[in-house]
There are 2 protein chains.
Amino acid sequence: MPIDKVANVLLQWSLVRPDLDCTSMGIIGRVRRTSGEWQKKIDGFFKLKGLSSTEFDILATLRRVNQPATPTEIYRSTMLSSGAVSTNLEKLVQAGWVARTASDEDRRSCKVYLTEQGIALVDDVVTQHVANMDDLLSPLSASEQQQLQQLLEKLMPES
Amino acid sequence: MPIDKVANVLLQWSLVRPDLDCTSMGIIGRVRRTSGEWQKKIDGFFKLKGLSSTEFDILATLRRVNQPATPTEIYRSTMLSSGAVSTNLEKLVQAGWVARTASDEDRRSCKVYLTEQGIALVDDVVTQHVANMDDLLSPLSASEQQQLQQLLEKLMPES
DNA sequence: TATTGTTATACTCTATAACTATA
DNA sequence: TATAGTTATAGAGTATAACAATA
């Protein structure tokens, strides 16, 4: 194959719409394809561990903040809806990875924390996850990875 | 705000798991966030035009290959299932943007083509879409955009 | 009256496979 | 028997909002 898929699409556009410069569409197409491919691989790995990406997000949030959190705090950190957090939380409780305790100050509220098994699970999964992420970036040298990081920071300063 | 969200997450991980180097997770997290934000904006724009991203993909495919295509060819180009193509095609036919003609050689098959209104729609939408893509990349200079492109090509040579 | 967390409903979207017509 | 396209079913996942308890 002489050229890749994105290049082929751009070539086709240049023939029917020579007035349009589709360079930016190509770059963004590549970002979206790359992100999509990665997402599939990441989802596949989590699935092997019995988790969805959403569930991992919740577990990882609890692990890295290193203290119990309320469901409200969790859905604000993860950008999930409150309903989605409750639903997923229930599964994680059933699995024995997290537990809830009633709040002392506010009896409407509760604190969610990782059980010992939950901590062990996250620590195991995240270690392998990071190794997988290293793998995904391995086509780039360390300095190229840093370049990429800087470009992304410029693109989305707030993220 | 002293540091951005990704940097904050990495800082938190460094405190609870100092043994882990989460650099790659941060970079990939940025790519996924960026892609997700862009996707939302792109979907929003298409919605204004009365289209879903999937519908635009189908219309754009027909436009750039510049000739009628069978449903099978379409779903192979777009990576949708045959069922998804049929369903979406039906909506596009109802809207008057595409039409089907029976195939001469194979009476099981048909050719899908853009109507005049369909071509006008795609040409209008894709022109604005490209302008939007230019906007999304505008935080980067031309040479930085080229750098990004080259890094992405290295990461996903086949895409 | 507002807020917390849960639950129930509805919606979007797709893949899968059953189905028909034809090869 | 295999293939092209359509249709129907079911599934995953979420947001939304109704709800109960408390502030």
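Chain A is the first sequence line, chain B the second, and so forth, proteins listed ahead of strands; every chain is numbered from 1.
When rounded to the nearest whole Å, the span between OH of A:Tyr75 and P of D:dT14 equals 16 Å. To the nearest angstrom, C1' of D:dA15 lies 16 Å from CG of B:Asp43. Protein atom CD of B:Glu73 is 16 Å distant from nucleotide atom P of D:dT3, rounded to whole Å.
B:Val16 and B:Val6 are members of different hydrophobic clusters when ILVMFWY side chains are connected at heavy-atom separations under 4.5 Å.
Proximity of A:Phe56 to A:Lys49: side-chain heavy atoms (C-beta onward) are nowhere separated by under 4.5 Å. Counting only heavy atoms from C-beta outward, the side chains of B:Met133 and A:Thr23 never approach each other to under 4.5 Å.
Between B:Lys40 and B:Glu37 there is a salt bridge, since at least one side-chain N of the basic residue sits less than 4.0 Å from a carboxylate O of the acidic one. Using a cutoff of 4.0 Å between basic side-chain nitrogens and carboxylate oxygens, B:Arg30 and B:Asp4 are scored as salt-bridged. Between A:Arg100 and A:Glu90 there is a salt bridge, since a side-chain N of the basic residue sits under 4.0 Å from a carboxylate O of the acidic one.
Around atom NZ of B:Lys47, no more than 12 heavy atoms belonging to other residues, nucleotides or ligands sit under 6.0 Å away.
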Please write out the pairs of protein N or O atoms and N or O atoms of nucleotides 21-23 of chain D separated by less than 3.5 Å, giving the distance to one decimal.
from, atom 1, to, atom 2, distance (Å)
D:dA23, OP1, A:Arg107, N, 3.0

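The closest donor-acceptor contact from the side chain of A:Gln145 to the backbone of A:Leu137 lies under 3.5 Å.
Across all strands, B:Ser103 comes closer than 4.0 Å to no nucleic acid atom at all (heavy-atom distances).
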Revision key, fill the gap. In 5'-to-3' order, the base (B), backbone-only (S) or no-contact (-) status of each nucleotide in nucleotides 7-15 of chain C, using a 4.0 angstrom heavy-atom cut-off, is B------SB

